[in-house]
Amino acid sequence: MRGVHRALGFRAGLRAVRGPRWLCHFIRANAPGVPRGDGLGLLRDAHSRTGGAIVPLSVLVVGAGPGGVAAAVQLHRLGARVRWWDRTGVIGGLLRNARSVENWPGMPVGVSGAECCVRLRDHAAAFGLFPEKVEATEFCESGTAVEVARAGGVTEQVDAVVWAMGTRPQPWAMARPELPVFYEFRDLPTAARRVLIVGGGEAACDGALHWMQSGGQAVLAVRSACLRARGGLAGQTLGRAGLDLRFDTEVIGLASDGTGVCATLRTAAGAITEPFDAVLFCGGRTSRLPELGFTTPPHGNLRLSPRTWVIGDARLGSLGQACIAMGDGLLAASEISELIRWG
Ligand SMILES: Cc1cc2nc3c(=O)[nH]c(=O)nc-3n(C[C@H](O)[C@H](O)[C@H](O)COP(=O)(O)OP(=O)(O)OC[C@H]3O[C@@H](n4cnc5c(N)ncnc54)[C@H](O)[C@@H]3O)c2cc1C
């Protein structure tokens, strides 16, 4: 096996083992020095005394949503040397889209997602932590380190990684590059007025209420006969005066009409075509983990491999809750800190 790694240039770095996913997994799983057990104790040497000086454990946190903030701050508090990347360089992640957050203990009920993001940013800044605008594109793990590639090809070597990069939208077959179709509320053009929102879950309901709150017109097209969103959000959506809520309605065609889009909707009464300035598609989200070659682990499993942890929505594989992501971040930091030998 060692010979295979040498032949493939494993020690020469990540670039040398780029190629088919199965090959990278195979190399990762069989790399020299990777323990076959639970890997506990693996990181201890990374925080050891070298000539009298403490060499801190270096941990890369990828993502600056609520989960990434909690992990970065807690790792910093526990003495790790934290590298922190986010592809946007902005703190908040998906929470930046939320109209109203009702379940964040210590914050006023109904506080906006934008306000929560300001609080998260201030919290991280109080510890001197600011994410770099960097996108992680690939990684490789050996027995002694993790190498993570950033967009542009440069690789960084760290002792451990916390993946907090959330979810990406399920692609919509109807969407084409020339059409004004968006997947996140904050991407909707401010000049748009009449927006078609597709979906019946929390993001769709929150998006419809948010758009109307901003003074726009929203048509909420729900394929089934009821909302998937539950509780207060469903109640607010059903009771929102002026919201054009249509059940049993499916989008079966989209065409550009110059500045906007013409949507053909199949309803119980037949197909109708209507103009919109933009479409917000909220048809579910999926973990970004597979982009890095992982398959989503079962719930509850934060530790993916001896040196990598996954937290928040990326772990759940779908839209979760900010406090779950933050709890995951604290737990991952605490598990990593267990591996540090002090003094
Ligand atoms: C409309 C809406 C309303 C919501 N309302 C609520 C609510 O009321 N209450 C609640 O608790 N939750 C709510 N949520 C859910 C909440 O926003 C998410 O559960 C939470 O943001 C997940 O946090 P996270 O840190 O796991 O991931 P995210 O918030 O998704 O953050 C992931 C971050 O990783 C970055 N990233 C991704 N890939 C890479 C990469 N390769 N390299 C570097 N960076 C990368 C992204 O830029 C992003 O900043 C809502 C979500 C939406 C969309």
Side-chain angles (χ1 to χ4, degrees), residues 60-72 83-105 107-117 120-121 124 131-139 148-152 156 161-169 182-188 197 199 201-211 213 229 231-233 236-237 280-294 302 309-330 332:
L60 172 66
V61 178
V62 178
V69 171
R83 298 291 309 271
W84 193 14
W85 294 354
D86 191 284
R87 70 194 323 167
T88 66
V90 178
I91 287 179
L94 263 196
L95 206 54
R96 291 159 67 205
N97 295 286
R99 174 192 58 103
S100 152
V101 179
E102 296 185 349
N103 50 353
W104 192 317
M107 294 287 263
V109 173
V111 63
S112 72
E115 172 65 16
C116 292
C117 293
L120 287 173
R121 191 194 62 201
E132 294 172 69
K133 187 177 177 183
V134 174
E135 178 174 7
T137 55
E138 249 182 302
F139 88 104
V148 185
R150 44 199 288 171
E156 307 269 346
V161 178
V162 178
W163 303 112
M165 72 283 203
T167 51
R168 64 179 166 77
F182 303 90
Y183 293 96
E184 290 189 22
F185 183 88
R186 64 168 182 257
D187 294 334
L188 283 170
I197 297 170
E202 291 193 1
C205 291
D206 190 89
L209 295 172
H210 204 170
W211 190 248
Q213 188 178 297
L233 183 58
Q236 288 170 41
T237 307
L280 177 66
F281 180 70
C282 304
R285 302 186 66 89
T286 181
S287 174
R288 285 192 184 273
L289 271 186
E291 291 172 13
L292 289 150
F294 283 115
L302 267 61
W309 278 255
V310 59
I311 63 171
D313 284 7
R315 174 179 69 82
L316 295 172
S318 60
L319 198 62
Q321 294 273 288
C323 289
I324 296 176
M326 290 190 282
D328 277 6
L330 297 182

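Only this structure's heavy atoms are used, side chains among them; waters, hydrogens and symmetry mates stay out. Indexing begins at 1, ligand by ligand and atom by atom, following the structure's order.
Of the protein's heavy atoms, Leu319 CD1, 3.8 Å lies nearest to atom 51 (C) of ligand 1. Among all non-hydrogen protein atoms, the one lying nearest atom 15 (C) of ligand 1 is Gly320 O, 3.5 Å. In terms of protein heavy atoms, atom 50 (C) of ligand 1 is closest to Ala98 CB, 4.4 Å. Atom 35 (C) of ligand 1 has Asp86 OD2, 3.1 Å as its closest protein atom, hydrogens excluded (heavy atom only). Regarding atom 24 (P) of ligand 1, its nearest protein heavy-atom neighbour is Ala325 CB, 3.9 Å. Protein heavy atom nearest atom 28 (P) of ligand 1, with residue, atom name and distance: Leu94 N, 3.7 Å. Taking atom 26 (O) of ligand 1 as the reference point, the nearest protein heavy-atom neighbour is Asp313 N, 2.9 Å. The nearest heavy-atom contact from the protein to atom 44 (N) of ligand 1 is Arg87 N, 2.9 Å.
In this structure, the side chain of Asp313 does not engage the main chain of Leu319 through any donor-acceptor pair within 3.5 Å. At least one donor-acceptor pair closer than 3.5 Å links the side chain of Arg285 to the backbone N or O of Thr167.
By the 30° and 60° cut-offs, the orientation of the rings of Trp163 relative to Phe139 is perpendicular.
With a 4.0 Å cut-off on non-hydrogen atoms, Glu184 does not touch ligand 1 at all. Under 4.0 angstrom from ligand 1, the non-hydrogen atoms of Asp206 all belong to its side chain. Only the backbone of Ala164 comes within contact range of ligand 1, with a heavy atom under 4.0 Å; no side-chain atom does. Residue contacts with ligand 1 for Val62 involve side-chain atoms from C-beta outward but no N, CA, C or O (heavy atoms, distance under 4.0 Å). The proximity of Thr137 to ligand 1, defined as any non-hydrogen pair under 4.0 Å, does not occur for either the backbone or the side chain.
The distance from ligand 1 to the heavy atoms of Thr88 drops below 4.0 Å at these ligand atoms: 47 (O). Atoms of ligand 1 found under 4.0 Å from any heavy atom of Gly312, numbered from 1 in the order shown, are 26 (O). Within the listing of ligand 1, atoms 40 (C), 41 (N), 42 (N), 43 (C) sit less than 4.0 angstrom from a heavy atom of Ala136. Ligand-side atoms of ligand 1 in range of Gly67: 25 (O), range being under 4.0 angstrom from any heavy atom. Below 4.0 Å from some heavy atom of Gly65 lie the following atoms of ligand 1, by number and element: 25 (O), 29 (O), 31 (O), 33 (C). Taking every non-hydrogen atom of Leu95 and a distance limit under 4.0 Å, the qualifying atoms of ligand 1 come out as 17 (O), 21 (O). Annotation for ligand 1: atoms under 4.0 Å from non-hydrogen atoms of Ser100 are 8 (O). Counting atoms of ligand 1 from 1 in the listed order, those under 4.0 Å from a heavy atom of Gly63 are 33 (C), 34 (O), 35 (C).
You'll find the side chain of Trp104 reaches within 4.5 Å of the side chain of Cys116, heavy atoms only. Side-chain contact check for Thr88 versus Arg96: some heavy-atom pair is nearer than 4.5 Å. At least one side-chain heavy atom of Arg168 sits less than 4.5 Å from a side-chain heavy atom of Glu291.
Not a single heavy atom of Cys282 lies less than 4.0 angstrom from ligand 1. In this structure, Val134 has a heavy atom closer than 4.0 Å to ligand 1.
The nearest pair of heavy atoms linking Gly92 to Pro66 is O-CD, 3.6 Å. Between Trp85 and Ala149, the closest heavy-atom pair is CZ3-O, 4.2 Å. What you find for Cys117 and Ile91 is that their closest heavy atoms are CB-O, 3.9 Å. Residues Glu202 and Ala229 come closest through the heavy atom pair N-CB, 3.9 Å. Nearest approach of Ala64 to Asp86, heavy atoms of both residues: N-OD2, 2.7 Å. The two residues Met165 and Ala314 have their closest heavy-atom pair at N-CB, 4.3 Å.
The list of salt bridge (charged side-chain N to carboxylate O under 4.0 Å, His left out) pairs with a residue in residues 317-329, not counting sequence neighbours, reads Arg315-Asp328.
For the residues Ala322, Gly89, Gly166, the heavy atom positioned nearest atom 30 (O) of ligand 1 is part of Gly166.
Remark: Arg99 engages Asp206 in a salt bridge (charged side-chain N to carboxylate O under 4.0 Å, His left out) (not counting sequence neighbours).
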